[in-house]
Amino acid sequence: MSGKRKKAPNKVLTDVRIEKAAAEGSSLAHIDGKVLFVSYTAPGDLVDVEVYRQKSGYMQGRVINLKEASPLRVEPFCEHFGLCGGCKWQHLDYAEQLKQKQAQVCDNLQRIGKVELPEPLPIIGCDNNRFYRNKLEFTFSTKRWLTDEEVAAADTLQPEDRQGLGFHLAGKFDKVLDLRRCFLQGDPSNEIRLFIKHKAQETGLDFYDLRTHTGYLRNVMVRNTLQGEFMVVLMIAGEPTPAFESLMNALQTAYPCITSLMYAVNTKLNDSMGDLEIRLFSGKPYLTMKMPAYKEGDEDLQFRVGPKSFYQTNSLQAARLYRLAADFADIREGETVYDLYTGTGTIANYVARMAKKVVGIEYVEDAVKDARINSEINHLTNTEFFAGDMAQVFDEAFVQQHGDPDIIITDPPREGMHEKVTDRLLDDALFGGKLSRIVYVSCNSATQARDLQRLDSKYRVVKYRAVDMFPHTDHVESVVLLQRR
């Protein structure tokens, strides 16, 4: 009689001493020549671990017994810690988080880049390491995550008891963690989210089923400024109904701080909004983000941010990040700056008052339109922005037309710069020998390190510094100054 072979029980490792923090909120130890990644642990913990995945060079496991807690541990402040996919370093003292992020940048630049490095400047920490984000996105679901007690009593749950509005659970595309309080965005973000959920249930609006693609309410995006203005965008799966309009009117009345209330109809099988028409329900179709100018006495910069616009999600740290980039660039009067991967022109507009001219290049055409608007708002007449694939646009003809750059600032996406772009940065003939320094801003120091290695024959690293934009996560920005050899 044949049957299914029973799966062997997972291997258990005892008395594992955790060595250091790693990516994706894990920490690591070395066992028999393999790296063991363990989630929600801290350097110094002594733990027993159940191994649930084994590969040729590494293992992944979960803690089944914390035998000795690391002195670096602190009590997580959020009730959703351990379930929610964000803020995975809450259990680490913030000073230790900064230490681990600094080490991550240094390790990547040394191990991957293999370039000569000076001593790193100290990491710039975040003064407000809670409620620091200016943008969050939430998902409606008919199948929220249930506690063990709720699973045991599942037969007694009504359909509305299973509904949730919150973040996706890691590895479970159709499950949402119904949030009560999130510490990422300032008040009244939590109140607005809960109001929408409860009012939707009162008016009988269907939550979306992520598996069957049925239902009406799909997503909510909430953005805010440091001045307390909010933008709320709801994504729905059909045209507005009287019940939906009732919800929107109630939301507008309850929260006058919502100065931009919009919605979009999404009938696709995915939640991306880049190709959707965003419709204005009330207020303005944008928020205005303000940032202190680089030079004391100059007017604050203003950036118009629409529902699809990219803007650094930590407003206070964005100002510090751009100031650091400008410090490194050390722009002198009469110099021309190229801003590669300019996005909505935030860095370009930030440094424009110091330069003779700033030329920005960006792949997304709508972002370039925003960049031009932001120059107009700030009365800047020495900026030019162009849309196109960086590897195609940034060539000899482009430079001849717009002038040789003295300085290049580059802030590419996580995958770093295209090899054609780094090749052009090495081409002496392209810039007429004028290009003297490059400021490389990166959200991924691993791909940044790869690019530094490509540029090493002509440009040496003079300074580098990490900036913490996302407390309680392993993400960190890295800013490097390269100088021509």
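If you're wondering where the values come from, they're calculated on a predicted model, not measured in any experiment. Along the sequence shown, the residues carry numbers beginning at 1.
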Ring-face cation of Arg323 near Tyr294 (centre distance under 6.0 Å, axis angle within 45°): yes
Give the minimum heavy-atom separation between Ser272 and Asn266, together with the two atoms involved. O-ND2, 4.3 Å
In terms of heavy-atom contacts, Met469 and Tyr132 come closest through O-CE1, 3.6 Å
Any idea how Phe138 and Phe167 line up, ring-wise: parallel (<30°), tilted (30 to 60°), or perpendicular (>60°)? parallel
Between Val222 and Met231, is there a side-chain heavy-atom distance shorter than 4.5 Å? no
Can you check whether Glu50 reaches Tyr52 side chain to side chain, under 4.5 Å on heavy atoms? no
Hey, does Pro43 have a side-chain heavy atom less than 4.5 Å from the side chain of Gln100? yes
Arg73 and Asp45 ion-paired at < 4.0 Å: yes
How about OH on Tyr94, more than 12 heavy atoms from neighbouring residues, nucleotides or ligands closer than 6.0 Å, or not? yes
Under-4.0 Å salt bridge between Lys290 and Asp300: no
Does the structure place the NZ or CZ of Arg133 under 6.0 Å from the centre of the six-membered ring of Phe131, at an angle of no more than 45° from the ring's axis? no
Take atom CZ of Arg211 as the centre, draw a 6.0 Å sphere, and report whether it contains more than 12 heavy atoms from other residues, nucleotides or ligands. no
Check Lys143 with Asp178, please: is the shortest side-chain N to carboxylate O separation under 4.0 Å? no
Should the heavy atoms of other residues, nucleotides or ligands under 6.0 Å from CD of Glu299 be counted, would the total exceed 12? no
If you count heavy atoms of other groups shown closer than 6.0 angstrom to CG of Asp32, is the number above 12? no
Answer yes or no: does atom NZ of Lys99 have more than 12 heavy-atom neighbours from other residues, nucleotides or ligands under 6.0 Å? no
Give every residue pair that meets the side chain to side chain donor-acceptor pair (under 3.5 Å) criterion with at least one member in residues 411-424, sequence neighbours excluded. none
Show the nearest heavy-atom pair for residues Pro405 and Val399, with the distance to one decimal. CD-CG1, 4.2 Å
Between Thr342 and Glu362, is there a side-chain donor-acceptor contact under 3.5 Å, judged purely by atom types and distance? no
Looking at Lys356, I want to see if its NZ is surrounded by more than 12 non-hydrogen atoms of other residues, nucleotides or ligands under 6.0 Å. no
Please name the residue in the list Phe386, Tyr338, Phe385 that meets the ring pair (Phe, Tyr, Trp, His ring centres under 6.0 Å) test with His402. Phe386
Thinking salt bridges, do Arg17 and Glu19 make one under a 4.0 Å N-O criterion? no
How far apart are the closest heavy atoms of Ile407 and Ala329, and which atoms are they? CD1-O, 3.8 Å
For residues Arg320 and Asp127, report the shortest heavy-atom separation together with the two atoms involved. NH2-OD2, 2.5 Å
Could you check whether the rings of Phe470 and His475 sit parallel, tilted or perpendicular, using 30° and 60° as the cut-offs? perpendicular
Has Arg218 got its NZ or CZ under 6.0 Å from the middle of the six-membered ring of Phe140, at an angle within 45 degrees of the ring axis? no
A side-chain contact here means heavy atoms from C-beta on lying under 4.5 Å apart; do Met291 and Tyr311 qualify? yes
Is the charged tip of Arg130 near the ring of Phe77: under 6.0 Å from the six-membered ring centre and within 45° of its axis? yes
Any ion pair linking Glu335 and Arg437 (charged N to carboxylate O, less than 4.0 Å)? yes
Look at atom NZ of Lys20 and say whether more than 12 heavy atoms of other residues, nucleotides or ligands are closer to it than 6.0 Å. no
Charged N-O contact under 4.0 Å between Arg454 and Asp456: no
